[in-house]
Amino acid sequence: MSVRPLVSHRFQARPSRLRRVRQLVTQAALRAGCAEDGVLDLVLAVDEACQNIIRHAYQGKGGEIQLTVRRDGEHLVIQLLDYAPPVDLTTIQPRPLDELRPGGLGTHFMRSVMDEITYVPPPPGGGNLLQMTKRIEKS
Amino acid sequence: MSVDIATQDGVAVVSLKGDIDLQTSPKVRKALLQCMDEKRDVLVDLGGVTYIDSSGVASLVEAFQNARKNGTRFALVGVSQAAMRVLQLARLDRVFAIHPTLEEGLKVKP
């Protein structure tokens with residue numbers, strides 16, 4: 001994995017901060033040579049993951065998120081670290097798309113777009129460390 | 001993100017511009033629910049949408065379901081590439097009525 005991250009950004013877990021996160025992920029993906037379609041997908045997945053942290057991990061009460069984007073060969077590796085209580089992985093499921101209802105699409109988008117999504121052990125003092133990986137599709 | 005509601009040929013045209021995300025989607029939801037409360041036929045112009053997330057899509061789905069209950073019309077027009085990609089991921093491109101332009105959308109009679 002490349003030593004220096006493409007993005008290292010710590011931010012408040014608030015909806016108003018997501019625009020900046022999207023900008024940073026866009027810049028990183030373009031620098032890594034991603035095609036435009038791939039950039040949009042990546043941004044969506046990261047945004048949705050951040051929303052899950054804001055809404056579910058922190059339950060809307062705020063907190064901090066550390067975003068790191070690194071290149072590992074032909075893959076982009078995105079990590080989102082929060083300081084919330086450990087999530088119950090059994091409760092995270094995308095919903096069936098044949099049910100037409102307003103909510104529950106975020107996890108589906110993440111899983112559709114990313115090659116791999118996993119929780120890895122957080123550093124000491126951390127809560128949850130989500131890691132998402134996607135192969136760089138060149139433009 | 002801006003939300004503009006105009007009336008053309010008796011139809012409410014809701015034009016959305018900018019990023020529809022967790023912060024801005026409540027504005028979209030409020031505008032669409034207002035049209036639903038008034039039982040209006042609605043065309044949502046997504047031509048100016050630069051980004052839409054699951055919360056934005058949820059607002060569209062909610063309005064679509066309300067329109068079905070009301071027996072009123074709800075369709076999308078001029079969907080931007082960014083918005084279409086997200087609708088395709090959600091497989092809603094096959095659920096919503098989608099027209100390439102506002103003019104095409106207005107031509108269709110319920």
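Heavy atoms only: backbone and side chains are in, while hydrogens, waters and symmetry mates are out. In what follows, every chain begins at residue 1, and chains take the letters A, B, ... in the order their sequences are listed.
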Requested in this report: Please answer: with hydrophobic residues joined when any side-chain heavy atoms are less than 4.5 Å apart, are B/L102 and B/I98 in the same cluster?
Outcome: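 Each belongs to a different hydrophobic cluster.
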Query raised in the report: Should B/V95 and B/V28 be counted in the same cluster of Ile, Leu, Val, Met, Phe, Trp and Tyr side chains packed under 4.5 Å apart?
Result: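 Same cluster: B/V95 reaches B/V28 through Ile, Leu, Val, Met, Phe, Trp or Tyr contacts under 4.5 Å.
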Interchain contact, [X] with chain B, by part (heavy-atom threshold 4.5 Å):
| X | result |
| --- | --- |
| A/L40 | side chain |
| A/R55 | side chain |
| A/V113 | side chain |
| A/R17 | neither |

Report task. Using a strict 4.0 Å threshold on nitrogen-to-oxygen distance, state whether B/R85 and A/D37 make a salt bridge. Result ->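 So B/R85 does not pair with A/D37 through a salt bridge.
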Measuring from [X]:[atom1] to [Y]:[atom2], what's the distance to the nearest 0.5 Å?
| X | Y | atom1 | atom2 | result |
| --- | --- | --- | --- | --- |
| B/S54 | A/D47 | OG | CG | 8.0 Å |
| A/S112 | B/R91 | OG | CZ | 7.5 Å |
| B/Y51 | A/T26 | OH | OG1 | 9.0 Å |

Query raised in the report: Do A/Q51 and B/D21 come close enough that some side-chain heavy atom pair is under 4.5 Å?
Result: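 Side-chain contact under 4.5 Å: no.
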Query raised in the report: Below 4.5 Å, heavy atoms only, C-beta onward: do A/L44 and B/L89 meet side chain to side chain?
Result: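 Yes; the side chains approach each other to less than 4.5 Å.
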Query raised in the report: Side chain, backbone, both or neither: which part of B/L60 has a heavy atom under 4.5 Å from chain A?
Result: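 Interface part for B/L60: neither.
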Kindly check if the number of other-residue, nucleotide or ligand heavy atoms within 6.0 Å of [atom1] ([X]) is above 12?
| X | atom1 | value |
| --- | --- | --- |
| A/Q23 | CD | yes |
| A/K61 | NZ | no |
| B/Q81 | CD | no |

